[in-house]
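Okay, so here's the structure we're looking at.
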There are 2 protein chains.
Amino acid sequence: MLIIDRHQQILEILKRERSAGVTRLARELFASEPTIRRDLAYLEEQGYLKRVYGGAVIGGAPDREIPYNVRAEEQGDAKTIIARKAAKYLHKGAVIFLDGSSTAAHMVEPLKELEDILVVTSGAKTALALAENGIRVISTGGQMITRSFTYVGSHAEACIRSMRADLVFFSCRGLSDDGEMTDISIEEINLRRTMLERAHTKILLCDSSKFGKQYM
Amino acid sequence: MLIIDRHQQILEILKRERSAGVTRLARELFASEPTIRRDLAYLEEQGYLKRVYGGAVIGGAPDREIPYNVRAEEQGDAKTIIARKAAKYLHKGAVIFLDGSSTAAHMVEPLKELEDILVVTSGAKTALALAENGIRVISTGGQMITRSFTYVGSHAEACIRSMRADLVFFSCRGLSDDGEMTDISIEEINLRRTMLERAHTKILLCDSSKFGKQYM
DNA sequence: AGAAAAACGAACAAAAACGAACAAATATTT
DNA sequence: AAATATTTGTTCGTTTTTGTTCGTTTTTCT
């Protein structure tokens, strides 16, 4: 049996039953336990499952609430993968700016793992998802943009300006061919600019669908 | 059976029956009593249940804080009726302060009917609900209180202080017999005080369950 | 109130699961 | 065909979880 087939079967069992033990998987898939463990370790790294003692569960710990704006989408899509890669830059005790983009919302999952972090975000849904997962969060507040459920305006900017962050994770609507970031509204651009000014390390979260699109 | 599955099953039994004994759980889940005790101790630490002699109950003691989502369901009808009554004071073009209480969240429904209003709120879920219904909304921002999903702190207060409202709708945890409002945290009290200072008309949303309860 | 029964926590030993290292088997490249 | 790389299974020491056995505390029954 091909590795990829075994991986697929593990995921199918997990989707069906929400959890599975190493011993059972080993018997059922005719592989040794260490092999199953290696499979599970790999699949966890890719974000498909969560390892627990004795086996694995799908979609993070079942006793934790899953953020509603992330939950809707398939595990392992581009944004989840990007978020997991970006999470490598995180460290304990960090102060983090997150913009209101849906890509940034996917950072909630990896952020859960860290201790003693503080997240400042302009995303209304992101702020809620963070709080629901027990992460310390400050919302910028400000005028709500109904289209994207993000906050902008002078109040939001004043909030960012009064702080300093170790990291900022941000996104944009489009990335033109010569590498310029573009977006829809001037307010969102202004807020992002402020975030970038006040953060030490800047990380752009961007998938290929953004390439070659030009807005403002 | 995986540890995490056993935890899940304990929680499901508890949700269904409100309480369960250690001996019964041990028999039903094929585990020894000390194991069940360790599970219950862990789940209590995580805030999912309250340990009592002989077993555990869900939700915690009545004098302790009730989680937001539970509180939202209780007294649901009363709050809707209150909101409808309070809506009589609204008028077109008004600027309105809303606190983060679950009672205030019920104002979203009547607010939908009005044109050209602006709502300033410290409730994270309230802000989202308003935006989803096409109401112009400004969030105070600030530190998120995980328990109630409301914003407090200097940012939130500064936001309120920079504005003036025609109306403020607010609530409290308890109303002592001599008519004094009490609440859990000093931050929430401070923010409410600021809202009251900056609003012309003040409307307290309160049902009978608050009477005679005293907090801070 | 006092005795019996039940539940408790702590300590300890058995069992299960784990990770790491290594060797065998299988694929892939040269 | 030989060399190399990858995957897999085995072994072993370690960690985690679990069940058992105490003595102690709490509840219940008389």
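Chain letters run A, B, ... following the sequence lines, proteins first and then strands; every chain starts at 1. Just so you know, these numbers use all the heavy atoms, side chains as well, and skip hydrogens, waters and symmetry mates.
Straight-line distance from the CD1 atom of A:Ile36 to the P atom of D:dT10: 13 Å, rounded to whole Å. Straight-line distance from the CG atom of B:Asp39 to the P atom of D:dT17: 10 Å, rounded to whole Å. The separation between B:Leu2 atom CG and D:dT17 atom P is 11 Å, rounded to whole Å. Between B:His7 atom NE2 and D:dT16 atom P the separation is 16 Å, expressed in whole Å. Taking atom OH of B:Tyr42 as the reference point, atom P of D:dT17 lies 10 Å away to the nearest angstrom. Rounded to whole angstrom, the span from the CD1 atom of B:Ile3 across to the C1' atom of D:dT15 amounts to 12 Å. Per the geometry, CZ belonging to B:Arg38 stands 11 Å off P belonging to D:dT20, to the nearest Å. Rounded to a whole Å, the CE atom of B:Met1 is 14 Å from the C1' atom of D:dT17.
Using modelled atom types, one finds a donor on one side chain and an acceptor on the other under 3.5 Å when comparing B:Asp5 with A:Ser19. With hydrogens and angles left out, the side-chain atoms of B:His7 and B:Asp39 include a donor and acceptor closer than 3.5 Å. Side-chain contact, B:Ser185 with B:Glu188: a donor N or O sits under 3.5 Å from an acceptor N or O. Looking at A:Ser148 and A:Thr150, their side chains do bring a donor and an acceptor atom within 3.5 Å of each other.
At least one side-chain heavy atom of B:Ile160 sits less than 4.5 Å from a side-chain heavy atom of B:Thr140.
Atoms OG1 and CZ, on A:Thr35 and A:Arg37 in that order, are 10.0 Å from each other to the nearest 0.5 Å.
Rounded to 10°, the helix from C:dA1-D:dT30 to C:dT30-D:dA1 has 40° between the axis fitted to its first five pairs and the one fitted to its last five.
With B:Val120 as the partner, the side-chain contact (heavy atoms from CB on, under 4.5 Å) test is satisfied by one option alone out of B:Val168, B:Ile138, B:Leu98: B:Ile138.
In this structure, the salt bridge (charged side-chain N to carboxylate O under 4.0 Å, His left out) partners of A:Asp116, at least two apart in sequence or on a different chain, are A:Arg136.
Between D:dT8 and A:Arg6, a contact under 4.0 Å exists linking OP1 or OP2 to a side-chain N or O. Phosphate proximity of D:dG9 to A:Thr35: present, with a side-chain N or O under 4.0 Å from OP1 or OP2.
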Within the sub-3.5 Å range, which N or O atoms of nucleotides 5-9 of chain C have a protein N or O partner, and how far apart are they?
| residue | atom | partner | partner atom | Å |
| --- | --- | --- | --- | --- |
| C:dA7 | O4' | B:Tyr53 | OH | 3.4 |
| C:dA7 | O3' | B:Gly54 | N | 3.3 |
| C:dC8 | OP1 | B:Arg51 | NH2 | 2.5 |
| C:dC8 | OP1 | B:Gly54 | N | 2.7 |
| C:dC8 | OP2 | B:Arg37 | NE | 2.8 |
| C:dC8 | OP2 | B:Arg37 | NH2 | 3.2 |
| C:dC8 | O5' | B:Arg37 | NE | 3.3 |

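Nearest nucleotide to the side chain of A:Ala31, out of D:dG9, D:dT8, D:dG19: D:dG9.
Electrostatic pairing of A:Arg24 and A:Glu17 counts as a salt bridge here, judged by a charged N lying under 4.0 Å from a carboxylate O.
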